[in-house]
Amino acid sequence: MNSYTNILKRESLKNSKIFWDIPKEKVSQLSDDAILERILNYGDMDQLRGVLKNKEDFKKIYSKIRNKKRTNLSPLVINYIDLYLKKHA
């Protein structure tokens, strides 16, 4: 597991309510994409700050999620993150 995976796993434990539809023992088996997608859609600002600590890894995973043919990110989240990355990255 790389360090960004560890960051995502740690952030997913801070607010496990965002994984309401997944059994607790299965959350640790989710991909980095799935965890980041949940945090972006349903997480709080502390979780967002946590996943943004490593901007390069964040940008890689975010762009993979963002550029899928069918994404589960809300349009508001996409707009916010795009504006954030334009200004801070």
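Between I78 and T71 the shortest side-chain heavy-atom distance falls below 4.5 Å.
Hydrophobic clustering (ILVMFWY, side-chain heavy atoms < 4.5 Å, transitive): Y80 and L40 are in one cluster. Side-chain heavy atoms closer than 4.5 Å link hydrophobic residues (I, L, V, M, F, W, Y) into clusters, and following such links, possibly through other members, connects Y42 to M45. Hydrophobic clustering places W20 together with I35 (ILVMFWY residues linked when any side-chain heavy atoms are closer than 4.5 Å, directly or through intermediates).
Taking CG from L36 and CG from N41, the interatomic distance works out to 9.5 Å, rounded to the nearest 0.5 Å. From F19, atom CZ reaches atom NZ of K24 across 12.0 Å, with rounding to the nearest 0.5 Å. Rounded to the nearest 0.5 angstrom, S63 OG and I81 CD1 are separated by 12.5 Å. Note: I22 CD1 to S28 OG = 10.5 Å, rounded to the nearest 0.5 Å.
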Applying side-chain contact (heavy atoms from CB on, under 4.5 Å), run through N67 and Y62 and close with a yes or a no.
CA-CA 8 Å; N67 296 322; Y62 172 72; over 6 Å; no
Given side-chain contact (heavy atoms from CB on, under 4.5 Å), test Y84 with L48 step by step and report yes or no.
CA-CA 12 Å; Y84 176 86; L48 181 59; over 6 Å; no
Could you please spell out the steps behind the salt bridge (charged side-chain N to carboxylate O under 4.0 Å, His left out) verdict for D21 and R38?
CA-CA 11 Å; D21 57 338; R38 282 291 175 108; 2.9 Å; yes
What's the verdict on side-chain contact (heavy atoms from CB on, under 4.5 Å) for R49 and L52, showing C-alpha distance, side-chain angles and the deciding distance?
CA-CA 5 Å; R49 285 185 199 102; L52 285 170; 5.8 Å; no
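Between S12 and I39, the shortest heavy-atom distance links the atoms N-CD1, 4.3 Å. Between G50 and E11, the shortest heavy-atom contact is CA-OE2, 3.6 Å.
Under the 4.0 Å criterion applied to side-chain N and carboxylate O atoms, D82 and R66 are assigned as salt-bridge partners. Between D46 and K14 there is no salt bridge, since none of the side-chain N atoms of the basic residue sits less than 4.0 Å from a carboxylate O of the acidic one.
The residue from D33, L30, V51 that alone fulfils the side-chain contact (heavy atoms from CB on, under 4.5 Å) condition with L8 is V51.
No hydrogens or angles considered: a donor-acceptor pair under 3.5 Å links the side chains of N2 and T5.
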